[in-house]
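Inspection log for the structure reproduced underneath, given as structure tokens.
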Amino acid sequence: MAFSMRGRTQTALADINITPLVDVVLVLLLIFMLTAPVLQSGIEVAVPQTRTVEQITEQRTVITIDKDQNVFLNNTGSDRAISINDLANALGPSLPGSKRVVYIRADKQVPFGGFAVVMDAVKQAGITNISIVTHPIENASQQ
């Protein structure tokens, strides 16, 4: 794409300056690296460790039971404390038919009775697909 101007031939500038693009990408990378650990925060729970753990990649409804047996519901992106009596009502209308999956995170110090009460409340809401959140065992010596 050459054109002449008073006897001289000029070509169009075809090079793209990628320095600003690299700067923007590095800033975005830095932002994502700093905010990723914050997104994983929430209620502090010592989840039991197991050998098989399935990775969750999408946002799901999570019920958290801390060591004091307080129940927290996370279905809108933020944890909120909820009474066990209100749990079935809170879960009922909030989940559409195809996503009726609930994940339960319980501290390993929670007695089975407290865990069973939460599972019963979830089943009263009509949800039968319940998964339990665990962490993988890091090395074989912790078994």
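Only heavy atoms go into these numbers, but all of them, side chains included; no hydrogens, no water, no symmetry mates. We count residues from 1, following the sequence as given. Note that the structure is a prediction, hence the values are computed from the model and not measured.
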Original post:
Just by distance, do the side chain of Asp107 and the backbone of Gln109 share a donor-acceptor pair under 3.5 Å?
Top reply: yes
Original post:
Which pair of heavy atoms, one from Val110 and one from Lys67, lies closest together, and at what distance?
Top reply: CG2-CA, 4.3 Å
Considering only heavy atoms from C-beta outward, does the side chain of [X] approach that of [Y] to under 4.5 Å?
X      : Y      : value
Thr64  : Val71  : no
Val62  : Arg105 : yes
Ile130 : Ile104 : yes
Phe72  : Ile82  : no

Determine all donor-acceptor pairs shorter than 3.5 Å in which one atom belongs to a side chain in residues 114-127; sequence neighbours excluded.
residue	atom	partner	partner atom	Å
Asp120	OD2	Gln124	NE2	3.2

Exercise answer: donor-acceptor pairs, residues 16-32 side-chain atoms, under 3.5 Å, sequence neighbours excluded:
residue	atom	partner	partner atom	Å
Asn17	OD1	Thr19	N	3.3
Asn17	OD1	Thr19	OG1	3.2

**OP:** For a side-chain contact (heavy atoms from CB on, under 4.5 Å) with Val102, tell me which candidate from Leu73, Thr128, Ile63 qualifies.
**Re:**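 Only one option passes, and that is Ile63.
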**OP:** Just do the side-chain contact (heavy atoms from CB on, under 4.5 Å) check on Ile65 and Asn70 with the steps written out, would you?
**Re:** CA-CA 6 Å; Ile65 309 168; Asn70 297 318; over 6 Å; no
